[in-house]
Amino acid sequence: MEFDYVIVGGGSAGSVMASRLSENPKTSVCLIEAGGAGQGILVRAPALVAAMVPGYLKLNNWAFKTVPQPHLNGRRGFQPRGKALGGSSAINAMLYIRGHPSDYDDWANLGCAGWDWQSVLPYFKKAEGNRRGSSDLHSADGPLQVRDQSEPRAITHAYLEACKQAQLPLTKDFNGAQQEGAGLYQVTQFHSGPKAGERCSAAAAYLPPEVKRRSNLTILTRAQVLRVVTEGKRAVGVDMRRNGQEQRVQAQAEVILSAGAFGSPQLLMLSGIGPAEELSKHGIPPVHVAPQVGQNLQDHLDYTLSYKSKRPDTVGLSARGAWQLARAGLRWRKDGSGLFASPMAEGGGFFRTSPDLERPDIQLHFVVGIVDDHMRKLHYGFGYSCHVCVLRPESRGHVRLRSADPLAAPRIDPNFLSSEGDLEAMTRGARMMEQIMQAEALTPWRGQKLFAHDGSDAALEADIRARADTIYHPVGTCRMGNDPEAVCDLQGRVNGVEGLRVVDASLMPRLVGGNTNAPTIMMAEKISAEMKAD
Ligand SMILES: Cc1cc2nc3c(=O)[nH]c(=O)nc-3n(C[C@H](O)[C@H](O)[C@H](O)COP(=O)(O)OP(=O)(O)OC[C@H]3O[C@@H](n4cnc5c(N)ncnc54)[C@H](O)[C@@H]3O)c2cc1C
């Protein structure tokens with residue numbers, strides 16, 4: 001098999017790349033995805049994310065684990081990652097957030113010319129199909145469907161009132177002129193037509209049936225790429241495992257890795273592109289020594305407060321809760337609305353933990369059910385949770401190989417809380433979150449607090465170390481930049497190797513202050529447009 005472009009990974013970035021590059025009928029494109037088609041009910045029905053994320057059954061989920069984290073009491077973190085067309089956007093919470101405009105100006109200041117806010121905004125808009133309509137900052141015309149939630153729970157409105165009572169501002173649009181404040185998240189969900197209320201994964205948005213039918217686009221699912229094939233310092237194809245057999249796919253123009261922040265650096269190293277000592281440790285012949293491959297891993301660490309609810313209008317594990325959910329499922333099938341369409345993380349907030357800061361440094365996710373250990377531990381009864389994460393952590397981790405076996409999981413070390421500053425910011429954020437959770441507006445719901453402690457700084461720190469874990473935004477492991485150390489150039493081309501590019505969240509030089517799906521899609525929109533213009 002031979003194509004112009006071979007794209008590895010059909011996730012948030014890979015779906016965009018395949019769709020945009022195959023718009024030119026003269027360009028042949030092959031998209032190779034390890035998981036399935038990502039079109040089943042688990043992916044389409046927003047509420048059923050609860051079945052996929054915990055990862056026990058590995059439903060559309062790689063369900064990785066980190067190495068023991070020394071600053072989290074030696075615990076192994078859990079890292080769900082989507083494994084299907086749509087990638088992590090097939091199992092995510094659908095929250096539509098771009099980060100703060102200044103995050104992109106920071107990228108430009110780090111040497112990524114052309115990635116400043118004014119330069120990236122057109123690509124956010126190119127992707128966005130927002131039901132609220134078009135404006136200077138938004139677009140209604142892009143393939144990624146964005147809408148307001150159909151029916152946030154009463155408790156989420158009470159959470160907003162609680163923020164006001166805690167003297168915190170409200171905002172109507174986290175992606176508008178004012179990110180700071182509490183508000184309701186917009187979601188990437190179909191807002192019209194027969195799919196209204198279904199998740200709009202990147203694959204659902206960019207690879208609809210009419211795109212999949214293009215004669216110049218081949219999509220192979222359940223095919224895991226094992227390595228990039230090189231001739232000298234040029235990528236010429238990939239080897240993949242499909243139906244139990246190894247096969248080669250050749251790329252005339254380029255191999256594009258869109259395998260995500262863990263998958264892309266792993267594939268580079270398996271192909272002999274990475275730090276010298278890592279390659280030699282696993283007996284992989286070096287093709288190009290690139291010390292930064294797998295370095296610079298950044299992720300949002302998340303700490304949660306959970307409460308039992310006195311009122312039964314949240315999500316609950318009980319006979320009544322199951323009955324409510326079943327009814328919600330029927331309603332969702334009828335008109336795409338209600339609890340089954342909920343992202344569960346209905347309420348949000350971006351706040352500064354000090355008035356001296358120029359932009360929010362923490363984000364809140366208010367969830368209408370109890371979330372304990374990524375929903376891996378269940379609690380009987382109704383409840384709710386609030387999450388806090390530090391938006392621009394200083395801690396840096398890395399991804400390496402566990403073995404030279406391409407079917408083995410990568411060795412992931414986020415190195416959470418290795419910077420003292422991250423713990424301090426998390427503590428300040430947790431104090432603000434506690435204040436909101438104690439506000440009068442939530443009194444009708446507030447039942448027993450789970451994981452209660454004596455409230456001292458020492459007890460709070462101990463609780464953070466005992467329970468905090470990722471909120472699913474790993475980035476940065478194939479960092480782009482204009483410095484000689486950067487893994488990729490400013491269009492994702494791997495430095496030192498011809499015909500090889502990385503386009504996914506691993507390219508980000510620095511984690512943005514918000515959720516990472518829309519930013520990843522924006523990056524793929526920008527790079528694919530520039531490739532087509534070249
Ligand atoms: C549980 C969860 C909740 C989240 N919630 C939100 C949210 O609400 N809002 C938000 O903005 N962001 C959210 N995120 C983050 C966001 O979804 C990701 O940042 C984004 O999807 C990353 O895109 P990507 O293209 O880099 O990687 P991915 O979308 O993960 O795509 C990588 C793809 O490559 C495939 N792949 C990997 N290795 C191989 C191989 N060797 N061969 C073939 N295929 C391979 C994978 O199966 C996958 O399909 C969440 C993530 C998770 C996991």
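Start at 1 and go down the list; that is how both ligands and their atoms are numbered.
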What does the contact table look like for ligand 1 (nitrogen or oxygen on each side, cut-off under 3.5 Å)?
residue, atom, partner, partner atom, Å
ligand 1, 5 (N), Ala93, N, 3.1
ligand 1, 8 (O), Ala93, N, 3.3
ligand 1, 8 (O), Met94, N, 3.2
ligand 1, 8 (O), Leu95, N, 2.9
ligand 1, 9 (N), Leu95, O, 2.9
ligand 1, 11 (O), Leu95, O, 3.3
ligand 1, 11 (O), Thr516, N, 3.3
ligand 1, 11 (O), Asn517, N, 2.8
ligand 1, 12 (N), Asn517, N, 3.4
ligand 1, 17 (O), Asn92, ND2, 3.2
ligand 1, 19 (O), Thr516, OG1, 2.7
ligand 1, 21 (O), Ser12, OG, 2.6
ligand 1, 23 (O), Ser12, OG, 3.4
ligand 1, 25 (O), Ser12, N, 3.4
ligand 1, 25 (O), Ala13, N, 3.0
ligand 1, 26 (O), Ala505, N, 2.9
ligand 1, 29 (O), Ser12, N, 3.1
ligand 1, 29 (O), Ser88, N, 2.9
ligand 1, 30 (O), Ser88, N, 3.4
ligand 1, 30 (O), Ser88, OG, 2.8
ligand 1, 41 (N), Val225, O, 3.0
ligand 1, 42 (N), Val225, N, 2.9
ligand 1, 44 (N), Ala34, N, 3.1
ligand 1, 47 (O), Glu33, OE2, 2.7
ligand 1, 47 (O), Trp62, NE1, 3.0
ligand 1, 47 (O), Gly82, O, 3.4
ligand 1, 49 (O), Glu33, OE1, 2.6
ligand 1, 49 (O), Glu33, OE2, 3.2
ligand 1, 49 (O), Ala84, O, 3.2

Any side-chain donor near an acceptor of the partner, Glu346 and Tyr384, under 3.5 Å: no

ring-ring contact (aromatic ring centres under 6.0 Å, His included) partners for His365, two or more places apart: Tyr185

Please report the interatomic distance CD(Gln298) to CZ(Phe416), rounded to the nearest 0.5 Å. 11.0 Å

Partners meeting salt bridge (charged side-chain N to carboxylate O under 4.0 Å, His left out) with Arg392 (sequence neighbours left out): Asp103

Arg44: which residues meet the side-chain contact (heavy atoms from CB on, under 4.5 Å) condition with it, sequence neighbours left out? Ile41, Glu198

Cationic tip of Arg376 within the cone over Tyr56's six-membered ring, i.e. under 6.0 Å and within 45° of the normal? yes

